[in-house]
Protein chains: 2
Amino acid sequence: MTRHGAMPDPARKDSPRGEETRTLILDTAEAMFVERGYSGVTMRALTAEAGVNLAAVNYHFGTKDALLLEVFRRGSLSINRERARRLHAVEAAAGNRPPAVRDILRALFEPPLRATFHSRRASSEGSAGGSSIYMQFVARAVLDGPPQMRALIERDVTHLERFVEALSRALPDLPREDLLWRFHFAMGALHSIYHDLRRLDALSGGACDLGDVDATIDRVVDFAAAGLQD
Amino acid sequence: MTRHGAMPDPARKDSPRGEETRTLILDTAEAMFVERGYSGVTMRALTAEAGVNLAAVNYHFGTKDALLLEVFRRGSLSINRERARRLHAVEAAAGNRPPAVRDILRALFEPPLRATFHSRRASSEGSAGGSSIYMQFVARAVLDGPPQMRALIERDVTHLERFVEALSRALPDLPREDLLWRFHFAMGALHSIYHDLRRLDALSGGACDLGDVDATIDRVVDFAAAGLQD
DNA sequence: GTCTATACTTAGATAGAC
DNA sequence: GTCTATCTAAGTATAGAC
């Protein structure tokens with residue numbers, strides 16, 4: 001059922017491609033899920049686009065749901081690595097003093113908001129200027145993905161705990177329960193950026209520029225910092 | 001295809017029940033969607049539970065998607081009526097002066113957070129103390145409902161515009177673009193309460209009490225008010 | 001106008017050939 | 001390791017009973 005760790009000789013160049021097919025499917029799924037959503041992508045359309053057989057997805061990933069989870073996992077891994085790196089840098093720069101709340105929030109918010117995926121167009125709308133494909137993918141995946149998907153995202157909190165601890169040190173007088181609630185609301189503000197994107201567009205009549213990532217990061221950091229510090 | 005406004009004599013008591021079946025389906029769908037999510041409820045399970053024929057849903061609502069939308073519409077209608085009523089009361093109480101930001105936010109946040117649905121258990125966990133079934137339904141419906149569902153929620157902003165205007169009067173020095181962004185983040189904080197519910201539970205190790213509606217309302221109002229006012 | 005039995009269509013999963 | 005053929009489940013459509 002699940003994939004095995006062992007592999008045959010990867011140097012062969014003929015038809016059975018092994019790992020190549022797997023990666024090809026992941027990249028194709030990634031791109032198509034962003035565009036059409038999870039349920040909008042049928043296995044038949046996906047495998048046709050990737051140029052592989054219908055059954056290849058089941059062979060490599062088991063189910064369509066498992067494929068989605070794998071795409072998410074691959075993306076979130078790099079996001080969380082970057083978050084950890086940024087937090088570490090901020091803490092190192094602050095020396096013995098706790099870092100500023102704003103700097104901690106930046107380390108938390110910037111990586112997902114700037115993230116793009118591995119696929120083709122990564123170069124055309126890279127980190128500067130374009131909107132985050134990753135956030136769009138997660139929003140869509142949570143939107144109409146399987147229940148497992150939500151559970152996975154919601155329970156994947158270990159990397160967030162380090163940020164809660166950092167904020168706790170920066171706001172030593174704030175009771176822990178208050179801090180956790182406010183942290184939760186701050187994450188809600190972050191997710192709202194792409195999750196309810198069209199609502200802002202509708203409310204503002206298009207006046208709010210959703211494409212300016214730098215300005216958006218500033219705004220959400222300001223908002224969350226104010227709410228956290230009371 | 002769509003339902004007609006005209007109805008036959010409603011006094012008849014025999015088998016063709018007309019409107020009754022429609023309501024029965026709505027109530028059953030409402031309860032089951034909350035428990036199992038949209039895609040977790042098959043038409044066959046739903047109609048079996050309601051004791052109606054499989055095709056009855058198609059007859060009364062057209063499609064499964066349309067049924068979900070109707071359940072949502074029925075719920076959101078009463079929420080938005082209550083919101084408008086509360087805003088009106090707050091503005092009347094303030095006289096000629098603009099109301100306090102907190103009071104406006106309360107009028108916006110309380111109705112959805114207190115809302116329960118029409119179905120059976122409404123009495124057992126009424127408005128005081130229990131958690132909002134409506135918010136859970138919306139979270140799940142957005143979660144794995146059809147794309148239309150998201151579009152409907154996101155675009156249904158006319159009732160929100162009155163709140164933006166009220167906040168604009170309460171915060172006359174805040175540029176409109178800033179206000180809209182912050183309002184958007186505030187809505188994100190509200191939605192986070194039930195949307196990413198399990199994350200807070202996981203982060204706090206169960207220490208944050210999600211069942212205390214009054215306390216939760218206070219918290220999210222405080223957070224949003226701080227963020228809005230800078 | 002309302003409901004039911006039944007058939008149709010699509011899509012994900014799987015077994016076995018190669 | 002890959003692909004074809006097939007199975008099952010689920011949403012939808014329709015014809016006809018009442």
Side-chain angles (χ1 to χ4, degrees), chain A residues 1-25 29 32-33 36-70 144-149, chain B residues 1-26 28-29 32-33 36-70 144-149:
Chain A
M1 285 295 186
T2 50
R3 186 172 169 70
H4 304 88
M7 263 184 56
D9 179 19
R12 55 196 297 186
K13 289 200 184 70
D14 52 330
S15 191
R17 291 167 299 186
E19 197 65 17
E20 246 177 68
T21 304
R22 189 184 149 84
T23 307
L24 182 60
I25 291 171
M32 291 183 79
F33 287 158
R36 310 186 204 173
Y38 180 66
S39 48
V41 177
T42 67
M43 300 277 273
R44 285 164 176 83
L46 169 61
T47 49
E49 176 77 19
V52 301
N53 185 271
L54 172 61
V57 171
N58 292 96
Y59 173 72
H60 284 284
F61 301 95
T63 66
K64 188 188 178 189
D65 286 6
L67 169 63
L68 177 73
L69 263 49
E70 181 56 24
D144 65 352
Q148 285 179 293
M149 185 73 200
Chain B
M1 286 294 186
T2 51
R3 186 170 171 72
H4 302 90
M7 263 184 55
D9 179 20
R12 56 197 296 185
K13 289 200 186 68
D14 53 330
S15 191
R17 292 164 300 186
E19 199 65 18
E20 248 178 66
T21 303
R22 189 184 149 85
T23 307
L24 182 59
I25 291 170
L26 275 174
T28 308
M32 292 183 79
F33 287 158
R36 308 185 206 173
Y38 179 66
S39 49
V41 177
T42 67
M43 300 277 274
R44 284 164 176 83
L46 168 62
T47 49
E49 175 76 19
V52 301
N53 185 271
L54 171 61
V57 172
N58 291 94
Y59 174 73
H60 284 285
F61 302 95
T63 66
K64 185 188 179 190
D65 286 5
L67 169 63
L68 178 73
L69 263 48
E70 182 56 25
D144 65 353
Q148 285 179 294
M149 185 72 198

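All values derive from a computational prediction rather than experimental measurement.
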Rounded interatomic separation in angstrom, taking [atom1] from [X] and [atom2] from [N]:
X: E20(B); N: dC3(C); atom1: CD; atom2: C1'; value: 14 Å
X: I25(A); N: dT2(D); atom1: CD1; atom2: C1'; value: 11 Å
X: L67(B); N: dT12(D); atom1: CG; atom2: C1'; value: 14 Å
X: E19(B); N: dG1(C); atom1: CD; atom2: C1'; value: 12 Å
X: L68(A); N: dA13(C); atom1: CG; atom2: C1'; value: 17 Å
X: F61(B); N: dC3(C); atom1: CZ; atom2: P; value: 11 Å
X: N53(B); N: dA17(D); atom1: CG; atom2: C1'; value: 12 Å

Within a strict 4.5 Å, meaning less than it, do heavy atoms of the [X] and [Y] side chains meet?
X: L26(B); Y: L67(B); answer: yes
X: F61(B); Y: L69(B); answer: no
X: E70(B); Y: R22(B); answer: yes

Protein and nucleotides 7-11 of chain D: nitrogen or oxygen contacts under 3.5 angstrom:
| from | atom 1 | to | atom 2 | distance (Å) |
| --- | --- | --- | --- | --- |
| dG11(D) | OP1 | K64(B) | NZ | 3.0 |
| dG11(D) | OP2 | M43(B) | N | 2.7 |
| dG11(D) | N7 | R44(B) | NH1 | 2.7 |
| dG11(D) | N7 | R44(B) | NH2 | 3.4 |
| dG11(D) | O6 | R44(B) | NH2 | 2.8 |

* V57(A) versus T63(A), closest heavy-atom pair with distance -> CG1-O, 4.5 Å

* To do: State, without any angle test, whether N53(B) and Y59(B) hold a side-chain donor-acceptor pair at a distance under 3.5 Å.
  => no

* So does Y59(B) get a side-chain nitrogen or oxygen closer than 4.0 Å to the phosphate oxygens (OP1/OP2) of dT2(C)? -> yes

* Asked: Looking only at side-chain N and O atoms, does H60(A) come under 4.0 Å of OP1 or OP2 in dT2(D)?
  -> yes

* Would you check if the side chain of K64(B) reaches a backbone N or O of Y38(B) as a donor-acceptor pair within less than 3.5 Å? => yes

